[in-house]
K.L.:
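Pasting in a structure now, in C-alpha cells, and then I'll have a few things to ask.
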Amino acid sequence: MSSSADPIATAAAIIGTASHITVLTGAGVSAESGIPTFRDALTGLWENYNPEQLATPQAFADNPELVTRWYDERRLNVAACKPNPAHQALVTIEQSTRARGATFTLITQNVDRLHQRAGSTGVLELHGSLFTWRCTRTGNESEFTGPAFDRYPPVSPAGGLWRPGVVWFGEMLDDAIAAAAHKAAESCDVFLTVGTSAIVYPAAGLLPVAHANGAATIEINRDSTPASDRVDIAIHALAGSALPRIAEAVSAQA
Ligand code: OAD
C-alpha cells in the first residue's frame, strides 16, 4: 500500500473506488459532540466510579438503582447532544458510495444513536443503545426517548426491572448483529476504523478479519492505538476534521 505524503488523499482515493466499504466507529466519533469517551474520567456525581465497573451484569445485580440511574443520565445527556461533522461526513460517504452502486456498512460500538440522527442507515449497533431498555422478567424491549424515569430502578409493566439495552462486559453480542458485522468485515475491500481504542473484543477483532481477507485498512484516531501499526493508512487526527476532508474528496471523485 502506498504511503502517500497526504494519507487523507490516499484514503479518499481508496474509499472513492472501493466496491464494499465497511466502517467501524467508537466513542471518539462522538467526542466532538460533547459526549465523553468511554475511558475518559467520569466527573461530578460519578467521579469515584469506574465505567468498567458500572457496565456489568454484576453491578446491576448488586445495585440496580445506581446502574440504571447512571445509564438514564447518559441517555438524557446524549439526547441533548447533536451529531457533529464526523457523523455527517459518514452520511456523505455512505450516500456517494451507494450512488455509484457500491455497498456501505456502518458498524458502531456507540450507544448514542448519533449516527442514525445524522442520517446513516442500516447501522449495526454492536453494543446496543441507550434508548432501548429491556424488561428483566419478559425480555421485551421498549424505546425510551422521553424524560427521566420517575424512579430507579425503573419497573416494567410486567413487574420486572427495565435494564438498558446495552451490551455489558461479560455479555454476548446480539447474534444477528455480530454475524452481520463479521460478514461486512470479511467481505469488504476497505475497512475504515474511526475513534476506537481498538481494545474491546469482539469489535477489535473485525479489523484483523478484514485485513486477513485482503481489505485495505485505514484508521482515524486522535492517538495511537494497538491497531495503528497494523493498518495500511493511519491518520492521526480528530474525526471531525479528517472525515469531512475525506468525504469532500470522495464526493469530488464521484
Ligand atoms: P474508548 O473510550 O475506549 O476510545 C475512544 C478512542 O477515541 C480513543 O482511542 C481516543 O484516542 C479516540 N478519540 C477521542 N477523541 C477523538 C476524536 N475527536 N477523534 C478521533 N479519535 C478520538 O471508546 P471505544 O473504543 O468506543 O463497550 O470503546 C469501545 C467499547 O469499550 C465501548 O463501546 C464500551 C467500552 O467497553 C461496552 O460498553 C461493551
Side-chain angles (χ1 to χ4, degrees), residues 7-8 11 23-43 46 49-60 67-68 70-71 74-75 77-78 81-90 106-115 118 123-134 163-174 177-178 181 191-208 218-231 233-247:
I8 289 195
V23 182
L24 172 68
T25 63
V29 167
S30 294
E32 291 158 82
S33 292
I35 299 172
T37 63
F38 205 77
R39 284 168 183 77
D40 281 346
L42 298 187
T43 54
W46 304 103
Y49 294 96
N50 173 349
E52 296 192 2
Q53 284 162 357
L54 289 166
T56 67
Q58 195 57 49
F60 178 67
V67 170
T68 55
W70 184 57
Y71 275 97
R74 288 179 65 199
R75 175 178 73 87
N77 285 341
V78 156
C81 293
K82 293 192 173 59
N84 69 57
H87 299 103
Q88 281 144 7
L90 286 171
L106 178 54
I107 307 165
T108 190
Q109 298 166 90
N110 298 342
V111 293
D112 57 30
R113 290 263 164 94
L114 286 181
H115 285 305
V123 181
L124 297 174
E125 291 179 313
L126 269 190
H127 293 166
S129 163
L130 289 171
F131 297 94
T132 305
W133 291 57
R134 190 162 66 242
R163 59 151 285 178
V166 299
V167 178
W168 282 327
F169 289 101
E171 292 187 319
M172 302 292 285
L173 304 190
D174 176 274
I177 293 173
F191 189 93
L192 169 64
T193 175
V194 193
T196 172
S197 54
I199 55 173
V200 176
Y201 284 81
L206 294 171
L207 184 132
I218 305 168
E219 176 187 60
I220 300 173
N221 200 298
R222 187 190 63 190
D223 305 323
S224 282
T225 74
S228 303
D229 289 339
R230 292 190 254 129
V231 291
I233 303 174
I235 299 171
H236 290 300
L238 298 182
S241 76
L243 276 173
R245 289 176 58 202
I246 291 176

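Just so you know, ligand 1 is whichever comes first in the structure, and atom 1 is the first atom listed for that ligand.
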K.L.:
How close does the nearest protein non-hydrogen atom get to atom 28 (O) of ligand 1, and which residue and atom is it?
P.N.:
R39 NH1, 3.4 Å
K.L.:
Could you tell me how the ring of H87 sits relative to the ring of H115: parallel (under 30°), tilted (30 to 60°) or perpendicular (over 60°)?
P.N.:
perpendicular
K.L.:
Can you tell if the side chain of T193 reaches within under 4.5 Å of the side chain of T225, non-hydrogen atoms only?
P.N.:
no
K.L.:
Among all protein heavy atoms in this structure, tell me which lies nearest to atom 35 (C) of ligand 1, with the distance rounded to 0.1 Å.
P.N.:
F38 CD2, 3.3 Å
K.L.:
Donor-acceptor pair, T56 side chain versus A59 backbone, under 3.5 Å?
P.N.:
yes
K.L.:
Heavy-atom distance under 4.5 Å between the side chains of Q88 and P244, does that happen here?
P.N.:
no
K.L.:
Taking C-beta and beyond as the side chain, do I220 and I246 meet within less than 4.5 Å on heavy atoms?
P.N.:
yes
K.L.:
Supply the atom-to-atom distance T25 OG1 to L106 CG, rounded to the nearest 0.5 angstrom.
P.N.:
5.0 Å
K.L.:
For atom 26 (O) of ligand 1, grab the closest protein heavy atom and report residue, atom and distance to one decimal in Å.
P.N.:
A27 N, 2.7 Å
K.L.:
Residue-level breakdown please: for R222 versus ligand 1, do any non-hydrogen atoms fall below 4.0 Å on the side chain, on the backbone, on both, or on neither?
P.N.:
both
K.L.:
For atom 18 (N) of ligand 1, what is the nearest protein heavy atom, given as residue, atom name and distance?
P.N.:
E32 OE2, 2.8 Å
K.L.:
To which protein heavy atom is atom 29 (C) of ligand 1 closest, and what is the distance rounded to 0.1 Å?
P.N.:
Q109 OE1, 3.2 Å
K.L.:
Give, for atom OG of S224 and atom CD of E219, the distance between the pair rounded to the nearest 0.5 Å.
P.N.:
7.5 Å
K.L.:
Is any N or O atom of W168, backbone or side chain, closer than 3.5 Å to an N or O atom of ligand 1?
P.N.:
no
K.L.:
Under 4.0 Å from any heavy atom of D223, which atoms of ligand 1 are there?
P.N.:
11 (O)
K.L.:
Between V111, L238, N221, V166, flag the one that comes closest to atom 9 (O) of ligand 1 by a heavy atom.
P.N.:
N221
K.L.:
Examine distances only and state if a side-chain atom of S33 and a backbone atom of K82 form a donor-acceptor pair shorter than 3.5 Å.
P.N.:
yes
K.L.:
Check if F169 has a non-hydrogen atom at a distance under 4.0 Å from any atom of ligand 1.
P.N.:
yes
K.L.:
Could you report the tightest heavy-atom contact between P7 and I233, atom names first, then the distance?
P.N.:
CB-CG2, 3.7 Å
K.L.:
Classify the contact between A239 and ligand 1 as side chain, backbone, both or neither, using a heavy-atom distance cut-off of under 4.0 Å.
P.N.:
both
K.L.:
Which of the numbered atoms in ligand 1 are under 4.0 angstrom from any heavy atom belonging to V167?
P.N.:
37 (C), 38 (O), 39 (C)
K.L.:
What residue and atom, counting heavy atoms only, is the protein's closest point to atom 13 (N) of ligand 1, and at what distance?
P.N.:
G28 CA, 3.6 Å
K.L.:
For atom 5 (C) of ligand 1, state which one of G26, G195, A237 supplies the nearest heavy atom.
P.N.:
G195
K.L.:
Could you tell me whether some N/O pair between H127 and ligand 1 is separated by less than 3.5 angstrom?
P.N.:
yes
K.L.:
Could you tell me whether some N/O pair between I220 and ligand 1 is separated by less than 3.5 angstrom?
P.N.:
no
K.L.:
How long is the span from the CZ atom in R75 to the CG atom in N77, to the nearest 0.5 Å?
P.N.:
10.5 Å
